[in-house]
Every structure is written in C-alpha cells, then in structure tokens.
There are 2 protein chains.
Amino acid sequence: MPGGRPRAFDLDAALDRALEVFWRQGYEGTSLSDLTAAMGINRPSLYAAFGTKEELFRRVLDRYVEGPGGFAAEALAAPRAREVVEKLLTGAIALTTTPGRPRGCLNVRHAQACGPESESVRQGVVARKLADQAGLRRRLEEAKATGDLPADSDPDQLARFVTTLTDGIAVQAAAGATPEQLHRVVELALRAWPDGDAAGR
Amino acid sequence: MPGGRPRAFDLDAALDRALEVFWRQGYEGTSLSDLTAAMGINRPSLYAAFGTKEELFRRVLDRYVEGPGGFAAEALAAPRAREVVEKLLTGAIALTTTPGRPRGCLNVRHAQACGPESESVRQGVVARKLADQAGLRRRLEEAKATGDLPADSDPDQLARFVTTLTDGIAVQAAAGATPEQLHRVVELALRAWPDGDAAGR
DNA sequence: CAAGTACCATACCGATAGGTACAAAACTTG
DNA sequence: CAAGTTTTGTACCTATCGGTATGGTACTTG
C-alpha cells in the first residue's frame with residue numbers, strides 16, 4: 001500500500017558527512033546548521049532520517065567503529081598478544097593522524113568533560129570505551145591461558161596500559177604530533193611488554 | 001583622584017570557582033550563567049573584572065598551572081630523571097582523580113576538537129601543552145648530558161612518551177579509572193624507562 | 001489517473017547564548 | 001559633605017540554539 005516520495009540523499013553518505021563534522025568539531029561545537037550544511041540536507045530531513053542531534057551522534061558513533069575504528073576488531077583477531085597490541089597501537093596512530101581527516105579520536109574526545117546537557121552523550125561514549133577495553137582484557141586473558149603471555153602477567157593491567165597509550169596517542173595527535181613521533185613512542189612503550197624485548201632495541 | 005566603590009568579591013576566589021566549572025564542564029559546555037552562578041557575581045562584574053569568557057578562561061588556565069598543576073614544575077626540579085618522570089606520572093594521577101574535584105585534566109580536555117568559535121582557545125591550550133612537553137625534554141637533555149640518562153637515549157622520544165602517558169592518564173581518569181589502577185599502569189610503563197628496571201617488577 | 005504516502009523546503013517556535021546600557025550604590029579624595 | 005570614580009543590579013540587546021508546523025512535491029500502488 002505505501003509508496004511515497006523517495007529520499008533524495010544517501011543515508012550512509014550523509015552519516016559520513018555528519019561523522020566528519022562531529023569528529024572535527026565535537027558534539028557541543030557542532031550545530032544543527034553545521035550538520036545540515038555538511039550533509040547537504042535541510043533540518044526536517046535530518047530529523048526524519050536520524051532523529052535528534054543526540055540520536056544522530058549515536059548513529060555516527062556506530063559508523064565510526066565500523067569504519068575508521070574497524071582496525072580495533074581486526075587487531076583483536078591477531079594470533080599473538082604482542083601482535084594484537086602492536087596493531088592496536090599502530091592503528092590508533094593511523095586513525096588519529098591520517099591526513100585529510102580530523103586529528104584525534106572521536107571517542108577519546110567525547111569521554112571527557114562536557115556541559116550538563118551533553119552528559120548523557122558522554123556517558124554513552126565512556127561505556128563504549130570501557131567495553132572496548134574489556135574486550136582487550138578478555139583477549140589478553142585468553143592469551144595468558146594459552147601461554148601466549150607469562151603466568152604472572154596481569155591482563156587487566158596490560159589492557160589498561162595499552163588503552164592509556166591509545167588514549168594518549170589520540171591527545172598527542174590532536175595536539176599536532178606526527179605519526180613518526182608516535183611510532184617511536186610506541187616502540188619505546190613496547191619495551192615494557194611482558195614477553196620481553198621482542199621488537200628489540 | 002581615584003577611589004570608587006570597592007569590589008564586593010575576592011578575585012582569586014571567583015577565579016577558583018570559574019576554574020571548577022570550566023574543569024567540570026569544559027569551555028563550550030559552560031555558559032556565562034553557569035559562571036556567574038558559581039562565582040556568586042553578576043554579569044557586568046564578571047566582565048569588568050575578567051573580560052570576555054575567553055579572557056576569563058585564559059586566566060583560569062594560569063591559575064590551573066599555578067595551583068592544581070603546580071606539581072609539574074616541582075617534578076622537574078627532582079635530582080634524577082627517573083624521579084622527575086615518576087613525580088610527573090603520579091602527579092598526573094593525583095591531579096585527575098582526586099575526590100571532590102572534576103575528573104580529568106583541563107589542558108588535555110581542551111587540546112582536542114572544538115567548534116570553530118573556540119578554536120583560538122584550543123590553540124592556546126595546545127601551545128601550553130607543547131611548552132610543557134618541551135620543558136620536560138630540556139630537563140631530560142640535561143640529564144643525558146650529566147650521565148643521568150644513557151648516552152644512547154633520546155630525550156625527545158622519552159619526553160613524548162611520558163606526556164603521552166600523562167595525556168592517557170587524564171582520559172582514563174575522565175572515564176572513571178581509579179588511582180590504584182593508574183598507578184599500576186605507571187609501574188608497568190616505567191619498565192620501558194632506559195635506566196632499567198629500577199622500580200622492580 | 002486518482003488515492004495514498006513519504007519527503008522536501010520555507011518559515012517559524014520558545015529558549016538561551018554571549019555581551020552591554022544605564023542608573024543606583026558605595027567608596028576615596030579634597 | 002560635595003565631587004569624582006568604580007562597582008553593582010536590573011533589564012535588555014541581537015544572534016543563534018535545537019526542534020517543529022505547514023504545505024507543496026514526487027513517488028508507488030490500485
């Protein structure tokens with residue numbers, strides 16, 4: 001029975017434009033006008049397709065982890081724990097310093113202080129971040145169980161160590177650090193990794 | 001010649017209130033009404049005493065580094081490089097997780113993505129962060145020159161490593177990490193420090 | 001090609017943003 | 001205590017915020 005006028009824009013393309021703006025300007029620094037201008041649609045269309053600004057942002061977060069943040073899921077699938085963390089760290093550098101896209105990390109940015117009106121958004125981002133960190137911890141627990149990590153190692157500590165580094169990398173990138181500089185930081189940091197100095201100095 | 005009605009509030013106390021609000025809510029998430037309410041003064045008084053919102057924020061940044069951020073300058077004065085970085089890292093944990101104050105770091109938060117209207121604020125914060133990092137690098141260069149760090153060590157890399165960790169600590173704190181968890185991260189990270197495993201595993 | 005349906009565009013909503021005009025109030029100086 | 005100076009409180013400014021009502025438009029279905 002239904003039919004209706006067809007949508008004149010592509011949903012995913014519009015979502016990508018919104019992601020770009022939120023990534024570059026932050027949730028609070030982005031207005032509906034910024035969004036509609038970047039997405040090439042007008043306000044009612046945005047509302048009909050994505051709901052409120054906050055709902056749109058949540059959909060953008062999904063797109064972020066599926067797209068630019070997809071390296072993380074791939075990294076967890078690496079055979080050895082050391083590889084997992086190397087891929088996470090180098091992936092974080094690429095994510096946050098690739099030319100032509102905003103610097104820094106959408107999640108890291110939005111896990112931090114914001115006005116009361118955006119607090120629910122922040123909470124959602126924090127929850128995602130904690131879930132990611134827990135996923136890494138489980139991966140490292142598995143590695144420990146199979147002997148891929150020493151018996152006296154602490155997966156929770158190790159996972160938090162890696163996440164602290166990726167968080168720091170995102171901040172450094174936002175402040176202008178180059179990928180080369182960050183790769184050297186990672187190289188140094190990995191000397192603390194419990195399977196010894198496998199990447200060698 | 002001059003005289004005039006005396007100011008009915010304390011400048012530094014008002015600045016501290018403003019710091020608290022900016023720290024908790026971020027520059028963009030804080031309105032003039034939030035500020036005047038917290039400072040206990042009205043709008044024209046705020047303007048007369050501190051200028052625009054942006055000028056007030058810059059004064060708050062100064063107060064931040066002199067007050068809560070003061071540990072950093074003290075850390076640089078420690079006799080050995082290892083002590084310097086230990087104090088910086090543990091100080092960062094205390095700064096960002098002390099109960100009763102906002103979680104996270106004012107500088108780290110504001111070095112990241114924001115709307116175009118706040119971009120000049122962000123640039124200022126980034127400049128401060130880079131200056132701090134350069135200060136640490138010079139301190140480590142000095143340590144290397146005096147043999148306190150190995151001859152093959154790289155002060156720039158080491159300074160960036162430590163700053164990446166403090167940045168990451170701030171993000172972790174904002175996401176709810178406890179001081180204990182972060183101390184264990186620091187303990188692990190210090191195994192990568194070039195003077196060896198001085199803090200022991 | 002008539003009926004039904006979903007989308008698009010303009011124009012608008014109340015609320016709030018940062019910032020200020022103005023006059024009353026509280027002080028110092030002569 | 002009069003003149004001059006600075007702060008305070010109220011009331012208001014324009015611009016923009018996120019969100020929506022409305023009516024025309026383009027399509028699918030029968």
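Naming: A, B, ... by sequence-line order, numbering from 1 per chain. Remember, predicted model here, so these are calculated numbers, not experimental data. These numbers come from the heavy atoms of this one structure, side chains and all, not from hydrogens, waters or symmetry mates.
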TODO: Tell me what B:Ala49 touches on the nucleic acid: a base, only sugar-phosphate, or nothing, going by heavy atoms under 4.0 Å.
DONE: nothing
TODO: Decide whether A:Asp167 and A:Thr164 meet the rule of one side-chain donor and one side-chain acceptor closer than 3.5 Å.
DONE: no
Open item on the list: Looking at A:Glu119, I'd like to know if its CD atom is crowded, meaning that more than 12 non-hydrogen atoms belonging to other residues, nucleotides or ligands lie closer than 6.0 Å.
Closed with: yes
TODO: Measure from OH on A:Tyr47 to C1' on C:dC8 and round the result to the nearest Å.
DONE: 17 Å
Task: B:Glu180/B:Arg184 ion pair, N-O < 4.0 Å - done: no
Open item on the list: Let's see if you can work this out: which of D:dC17, C:dA25, D:dA26 has an atom nearest to the side-chain heavy atoms of A:Ser31?
Closed with: D:dC17
Open item on the list: Strictly below 4.0 Å: does B:Ser33 bring a side-chain N or O up to OP1 or OP2 of C:dT16?
Closed with: no
- [ ] Figure out the CD/P separation between B:Glu54 and C:dA17, and round it to whole Å.
- [x] 18 Å
Open item on the list: Under 4.0 Å, counting only non-hydrogen atoms across every strand here, what does B:Ala48 touch: a base, just sugar-phosphate, or nothing?
Closed with: nothing
TODO: Look at the side-chain N and O atoms of B:Arg7 and state whether any lies under 4.0 Å from the OP1 or OP2 oxygen of D:dT7.
DONE: yes
- [ ] For D:dG9, take OP1 and OP2 only and decide whether either is under 4.0 Å from a side-chain N or O of B:Asn42.
- [x] yes
- [ ] Write down the distance between CD (A:Glu55) and P (D:dG18), rounded to a whole number of angstrom.
- [x] 15 Å
Open item on the list: If you assign each of A:Arg5 and A:Tyr27 to its closest nucleotide in DNA chain D, which residue comes earlier from the 5' end?
Closed with: A:Tyr27
- [ ] Please report, rounded to the nearest Å, how far the C1' atom of D:dC17 is from the NZ atom of A:Lys53.
- [x] 9 Å
Open item on the list: Output the rounded distance in Å from CG (B:Leu32) to P (C:dA15).
Closed with: 20 Å
- [ ] For B:Thr30, report the nucleic acid contact type (base, sugar-phosphate, nothing); a contact means any heavy atom under 4.0 Å.
- [x] sugar-phosphate
- [ ] Compare side-chain N and O positions of A:Ser45 against OP1 and OP2 of C:dC8 and report whether any pair is under 4.0 Å apart.
- [x] yes
TODO: Using a heavy-atom cut-off of under 4.0 Å over every strand shown, decide if B:Pro44 touches base, sugar-phosphate, or nothing.
DONE: base
Open item on the list: Quick check: any donor-acceptor pair below 3.5 Å linking the side-chain of B:Arg43 to the base of C:dG18?
Closed with: yes
Task: For B:Phe9 against B:Ala49, the heavy-atom pair lying closest together - done: CZ-CB, 4.0 Å
- [ ] Figure out the CZ/P separation between A:Phe50 and C:dC7, and round it to whole Å.
- [x] 12 Å
- [ ] For A:Phe9 and for B:Asp34, locate the closest nucleotide of DNA chain C by heavy-atom distance; then report the residue assigned to the nucleotide nearer the 5' terminus.
- [x] A:Phe9
Open item on the list: Please pick, from C:dA6, C:dG19, C:dA26, the nucleotide with the shortest atom-to-atom distance to any side-chain atom of B:Thr52.
Closed with: C:dG19
TODO: Nearest whole angstrom, please: distance from the P of C:dT10 to the CD1 of A:Ile41.
DONE: 14 Å
Open item on the list: Counting only heavy atoms not in B:Arg17 (residues, nucleotides, ligands), do more than 12 fall under 6.0 Å from its CZ?
Closed with: no
Open item on the list: Here's a test for you: under ring-ring contact (aromatic ring centres under 6.0 Å, His included), which of A:Phe22, A:Phe50, A:Trp23, A:Tyr64 qualifies with A:Phe57?
Closed with: A:Phe22
- [ ] Grab the CG-P distance between A:Leu56 and D:dC17 for me, whole Å please.
- [x] 16 Å
